[in-house]
**Q** 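Structure in structure tokens, see below.
By convention here, the first residue in the shown sequence is residue 1.
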Amino acid sequence: MARVSQEHLDARRRQILGGAARCFARNGFHGTSMQDVLKEVGLSAGAVYRYFAGKDELIAAIADEAFEYIRRAFSEAAGISPPPTPDVLLGRVVRGVFTGQVYGLERRACAALIVQVWAESMRNEPLARTLGDGYTGMRAGWAELVKAYRAAGVLRADVAADDVARTMIATAQGFIAQEALFGGVEPEALENGLRGLMSIEPPVAG
């Protein structure tokens, strides 16, 4: 029997994740059955269960993939000298999520799926651990980026790196939530808004 290449296995895994993401975005996690996923991807149960034991594993894999994309964006930014400013970096990350680089979904559906993952983690302990690990990784990535900002002389040294990390992550999360709830959120608005806030200077004491 011919051996299946790793490339084929990876492509099949992504096919399953893409189909599951479309189902979850369309009907929600609890409104989607494994039969729905099988029908969406056009594969047998055996072919799908070879990769994922069930819905919970699919949800966790989708969440982990999103975190991996964002972690990679932060890591690459930290290696650039000088690193891109927060408005440019967060605009790039959110634009990547919204244009389907993570899930291959239409923008609002992608944002809605991410919000569903956050909500599901409140009742799903394994998923909560996956999100917790991802969040910890993002904070560590931003802490490295803060060091790069300081080395480039563009960031004050008296603000804790983790405080900056949490604030930038919250900004991205807020924009994703706005798109999921209301639609019409443009990454350019995030970039422009951050750029405006970054330009604020404290008033001179009279």
**Q** If I compare all heavy atoms of L190 with all of G91, which pair ends up nearest, and what's the gap?
**A** CD2-N, 4.2 Å

**Q** Any carboxylate oxygen within less than 4.0 angstrom of a Lys/Arg side-chain nitrogen, looking at R129 and D133?
**A** no

**Q** Residues two or more places apart in sequence or in another chain: which of them pass side-chain contact (heavy atoms from CB on, under 4.5 Å) with R13?
**A** L17, Y51, F52, A61

**Q** Work out which heavy atom in A25 is nearest to a heavy atom in L113; give both atom names and the distance.
**A** N-CD1, 4.1 Å

**Q** Would you indicate whether M122, at its atom CE, is surrounded by more than 12 heavy atoms from other residues, nucleotides or ligands within a distance under 6.0 Å?
**A** no

**Q** Any chance you could pull the hydrophobic cluster mates of I200, using side-chain heavy atoms under 4.5 angstrom and chaining through other members?
**A** L197

**Q** What pairs of residues pass the ring pair (Phe, Tyr, Trp, His ring centres under 6.0 Å) test when at least one of them lies in residues 174-199, not counting sequence neighbours?
**A** none

**Q** Are any non-hydrogen side-chain atoms of R22 and E106 less than 4.5 angstrom apart?
**A** no

**Q** Taking ring pair (Phe, Tyr, Trp, His ring centres under 6.0 Å) as the definition, give me every residue that meets it alongside F24, ordered by chain and number, with sequence neighbours left out.
**A** F29

**Q** Which distance, rounded to the nearest 0.5 Å, do you find between the CZ of R195 and the OG1 of T85?
**A** 7.0 Å

**Q** I need the M138 CE to L131 CG distance, nearest 0.5 Å.
**A** 8.0 Å

**Q** Once rounded to the nearest 0.5 Å, what's the spacing between atom CG of D10 and atom CD of Q15?
**A** 13.0 Å

**Q** Restricting to side chain to side chain donor-acceptor pair (under 3.5 Å), what partner residues turn up for D56, sequence neighbours left out?
**A** N124

**Q** Please report the C-alpha distance between T167 and V164 in whole Å, then the side-chain angles of each, then the deciding distance to 0.1 Å, and finally whether the side-chain contact (heavy atoms from CB on, under 4.5 Å) criterion is met.
**A** CA-CA 5 Å; T167 300; V164 178; 5.8 Å; no

**Q** By side-chain contact (heavy atoms from CB on, under 4.5 Å), which residues pair with T136, not counting sequence neighbours?
**A** none

**Q** Check salt bridge (Lys or Arg N to Asp or Glu O under 4.0 Å) between D36 and all other residues, then give those that pass, not counting sequence neighbours.
**A** none

**Q** Is a salt bridge present between R26 and E40, judged by a nitrogen-to-oxygen distance below 4.0 Å?
**A** yes

**Q** To the nearest 0.5 angstrom, please state how far the CD1 atom of I169 sits from the CZ atom of R139.
**A** 7.0 Å

**Q** With rounding to the nearest 0.5 Å, note down the distance linking CD1 in I114 to CD1 in I176.
**A** 4.5 Å

**Q** Whether the side chain of R107 engages the backbone of E186 through a donor-acceptor N/O pair (distance < 3.5 Å, no angle test) should be reported.
**A** no

**Q** Counting heavy atoms not belonging to E125, are there more than 12 under 6.0 Å from its CD?
**A** yes

**Q** For L155, what residues pass the side-chain contact (heavy atoms from CB on, under 4.5 Å) criterion, not counting sequence neighbours?
**A** V146, Y149, R150

**Q** Taking all atoms of both residues into account, what is the closest heavy-atom pair of T130 and A63, and its distance?
**A** CG2-CB, 4.5 Å

**Q** Tell me every residue that passes side chain to side chain donor-acceptor pair (under 3.5 Å) with Q178, counting only those two or more places apart in sequence or in another chain.
**A** none

**Q** Could you tell me whether a side-chain N or O of K55 sits under 3.5 Å from a main-chain N or O of S33, the two making a donor and an acceptor?
**A** no

**Q** Looking only at atom types and distance, does a side-chain atom of T32 sit under 3.5 Å from a main-chain N or O of N27, one as donor and one as acceptor?
**A** no

**Q** Can you name the nearest heavy-atom pair linking P187 to V94, along with the distance?
**A** CG-CG1, 4.5 Å

**Q** Considering residues, nucleotides and ligands other than E188, do more than 12 of their heavy atoms fall under 6.0 Å from its CD?
**A** yes

**Q** Excluding sequence neighbours, so at least two apart, what forms side-chain contact (heavy atoms from CB on, under 4.5 Å) with A45?
**A** L38, Y49

**Q** Under a 4.0 Å N-O cut-off, is there an ion pair linking E65 with R14?
**A** yes

**Q** Identify whether L58 and L9 are in the same connected component of the hydrophobic contact network (ILVMFWY, side-chain heavy atoms under 4.5 Å).
**A** yes

**Q** If you look at every heavy atom in G28 and Q116, which pair is closest and at what distance?
**A** CA-OE1, 3.0 Å

**Q** For R108, give me all partners under side chain to side chain donor-acceptor pair (under 3.5 Å), at least two apart in sequence or on another chain.
**A** none

**Q** To the closest 0.5 Å, what do you measure between CE (M168) and CG (L90)?
**A** 6.0 Å

**Q** E191: what forms a side chain to side chain donor-acceptor pair (under 3.5 Å) with it, not counting sequence neighbours?
**A** R95

**Q** Are V159 and V154 joined in one hydrophobic group, where the rule is that I, L, V, M, F, W and Y side chains link up if heavy atoms are under 4.5 Å apart?
**A** yes

**Q** Could you report the tightest heavy-atom contact between E179 and A111, atom names first, then the distance?
**A** CG-CB, 3.7 Å

